[in-house]
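Order of appearance sets the numbers: ligands from 1, and atoms from 1 within every ligand.
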Amino acid sequence: MKTIEIRRVERSDLNGCVLLEERCYSPIEVAPRDFIAKRIEIYPDGFYVAEVNGEIVGMINTGATHKDDITDEELKYLIGHVRNGKNNVIFSLAVHPEHRGKGIARMLMDKIIEVAEGKEKQKILLLCKDNLVEFYTALGFEYVNPSNSDFGGFTWHQMEHKLPEPTWIDTSHHNSASLSI
Ligand SMILES: CC(C)(COP(=O)(O)OP(=O)(O)OC[C@H]1O[C@@H](n2cnc3c(N)ncnc32)[C@H](O)[C@@H]1OP(=O)(O)O)[C@@H](O)C(=O)NCCC(=O)NCCS
């Protein structure tokens, strides 16, 4: 039986991730090698891979931002990325065609959700085409609105996954203040 390992990306994964990106996206959508290299270099905490027998068969990569509207294309190259931004933005979620339908995309998404919760992010945001609205709904996302992006000449939709508020926030004292002297 083959084991699927989900782990944080490493620098040495660059070639495997580039090959996977090229295999999974059409030429107009594919993220160039330098984009992927930059995502690995600048924000490895938001980049996870799925490995089977030493081969990268899946990946998810993200950036962080304070923005709620993610139409801005430059963020894909991590221009405007702020590590402590309140939201995570998903750039690529890709699974090799021979390994699809085994729950790998769900495992990668669950990992990114877990990591984002640990970093006390508020939401995970993404843009997707018509045919994947249902897929992301199955992964727990809600529809937000049609995006203003017309990247590649396609219609895009913004979707979001709201994360729970950190449990340490105690709102019971927000309306009053007292000082003992
Ligand atoms: C979309 C993609 C990542 C799915 O990967 P996968 O590993 O086959 O997905 P999973 O097996 O984890 O499926 C997760 C759930 O989504 C459903 N699903 C999978 N592909 C779907 C699709 N195209 N449309 C609707 N639902 C889909 C599955 O049935 C499953 O639901 P379930 O758990 O309730 O049974 C993969 O097909 C891919 O890499 N596509 C090309 C790149 C792409 O378009 N990426 C997304 C845009 S950024």
Side-chain angles (χ1 to χ4, degrees), residues 1-9 13-40 43 46-65 67 69-78 81 87-116 121 123-161:
M1 205 176 90
K2 292 178 182 170
T3 317
I4 301 162
E5 188 197 352
I6 306 291
R7 61 164 175 82
R8 205 179 89 141
V9 76
D13 295 325
L14 177 60
N15 282 342
C17 290
V18 171
L19 283 174
L20 184 65
E21 176 85 12
E22 289 171 353
R23 182 72 202 258
C24 291
Y25 289 98
S26 64
I28 203 159
E29 289 179 278
V30 74
R33 183 183 182 87
D34 58 325
F35 278 42
I36 304 214
K38 198 158 184 195
R39 292 173 196 172
I40 294 174
Y43 198 45
F47 197 142
Y48 278 74
V49 296
E51 197 172 48
V52 173
N53 289 344
E55 185 197 351
I56 292 177
V57 300
M59 67 174 171
I60 188 164
N61 51 64
T62 70
T65 177
K67 292 183 185 172
D69 180 337
I70 53 165
T71 310
D72 187 359
E73 287 296 325
E74 289 192 322
L75 189 58
K76 290 182 187 167
Y77 193 54
L78 294 186
H81 161 79
N87 298 324
N88 270 135
V89 180
I90 292 178
F91 302 132
S92 300
L93 171 58
V95 175
H96 191 287
E98 284 168 20
H99 293 271
R100 289 183 190 163
K102 299 176 184 173
I104 294 179
R106 185 182 285 280
M107 288 166 76
L108 287 163
M109 184 62 82
D110 285 350
K111 188 68 197 176
I112 278 297
I113 291 171
E114 179 193 315
V115 171
K121 302 291 182 202
K123 292 181 210 166
I124 299 178
L125 307 171
L126 59 85
L127 297 182
C128 70
K129 293 194 283 191
D130 297 332
N131 62 329
L132 286 174
V133 170
E134 195 187 327
F135 165 69
Y136 283 112
T137 306
L139 294 190
F141 280 69
E142 288 171 23
Y143 189 85
V144 179
N145 52 26
S147 168
N148 290 326
S149 171
D150 59 357
F151 176 71
F154 298 111
T155 301
W156 295 88
H157 305 278
Q158 182 160 333
M159 303 202 57
E160 69 179 23
H161 180 89

Next on the checklist: Among residues at least two apart in sequence or on other chains, which ones pass ring pair (Phe, Tyr, Trp, His ring centres under 6.0 Å) with Phe91?
Outcome noted: none
Next on the checklist: Heavy atoms only, cut-off 4.0 Å: how does Lys102 contact ligand 1, side chain, backbone, both, or neither?
Outcome noted: backbone
Item to check | 4.0 Å protein heavy-atom contact status of atom 40 (N) of ligand 1, strictly under | outcome: yes
Item to check | Shortest non-hydrogen contact from Leu127 toward Ser149 | outcome: CD1-CB, 4.2 Å
Checklist entry - Which heavy atom of the protein is the closest neighbour of atom 9 (O) of ligand 1, given with residue, atom name and distance? => result Ala105 CB, 3.3 Å
Next on the checklist: Using every non-hydrogen atom in the two residues, find where Trp156 and Phe151 come nearest and quote the distance to one decimal.
Outcome noted: NE1-O, 2.9 Å
Checklist entry - So, for atom 21 (C) of ligand 1, does the protein have a heavy atom nearer than 4.0 Å? => result yes
Checklist entry - Which heavy atom of Ser92 sits nearest a heavy atom of Tyr25, and at what distance? => result CA-OH, 3.6 Å
Checklist entry - So which bit of Leu126 gets within less than 4.0 Å of ligand 1, heavy atoms only: side chain, backbone, both or neither? => result neither
Item to check | Donor + acceptor pair across side chains of Tyr48, Asp110 (<3.5 Å) | outcome: no
Checklist entry - So which protein heavy atom does atom 36 (C) of ligand 1 come closest to, and at what separation? => result Arg100 NE, 3.5 Å
Checklist outcome for this item: Among Tyr25, Phe135, Phe91, closest by heavy atom to atom 18 (N) of ligand 1 is Phe135
Item to check | Sub-3.5 Å N/O-N/O distance, Arg106 and ligand 1 | outcome: yes
Item to check | The single option from Asn87, Asp72, Leu125 passing side chain to side chain contact (heavy atoms under 4.5 Å, CB included) against Lys67 | outcome: Asp72
Checklist entry - With atoms numbered from 1 as shown, which atoms in ligand 1 lie under 4.0 angstrom from a non-hydrogen atom of Leu132? => result 23 (N), 44 (O), 46 (C), 47 (C)
Checklist entry - Counting only heavy atoms on the protein side, is anything nearer than 4.0 Å to atom 27 (C) of ligand 1? => result yes
Checklist entry - Do Ile60 and Lys111 touch side chain to side chain, with heavy atoms closer than 4.5 Å? => result no
Item to check | Close side-chain approach of His81 and Val89, heavy atoms under 4.5 Å | outcome: no
Next on the checklist: Taking distance alone, with N or O pairs closer than 3.5 Å, would you say Leu139 contacts ligand 1?
Outcome noted: no
Checklist entry - Is the closest N or O pair between Gly103 and ligand 1 shorter than 3.5 Å? => result yes
Item to check | Atom indices of ligand 1, in the order listed, that fall short of 4.0 Å to a heavy atom of Gly101 | outcome: 6 (P), 8 (O), 11 (O)
Item to check | Residue, atom name and distance, where the atom is the protein heavy atom closest to atom 45 (N) of ligand 1 | outcome: Leu93 O, 2.7 Å
Checklist entry - Which ligand 1 atoms are under 4.0 Å away from a heavy-atom of Tyr136? => result 46 (C), 47 (C), 48 (S)
Checklist outcome for this item: For Ala94, the atoms of ligand 1 under 4.0 Å from one of its heavy atoms are 39 (O)
Item to check | Within-cut-off N or O pair, Cys24 and ligand 1, under 3.5 Å | outcome: no
Checklist entry - Hey, what's the ring geometry for Phe141 with Tyr136, parallel, tilted or perpendicular (30° and 60° as the breaks)? => result perpendicular
Next on the checklist: Determine whether Glu29 and Lys129 satisfy the following criterion, salt bridge (charged side-chain N to carboxylate O under 4.0 Å, His left out), listing intermediate values before the conclusion.
Outcome noted: CA-CA 11 Å; Glu29 289 179 278; Lys129 293 194 283 191; 3.1 Å; yes
Checklist entry - So is Cys128 close enough to ligand 1, meaning a heavy atom under 4.0 angstrom away? => result no
Next on the checklist: Does Glu73, at its CD atom, have more than 12 non-hydrogen atoms belonging to other residues, nucleotides or ligands within less than 6.0 Å?
Outcome noted: yes
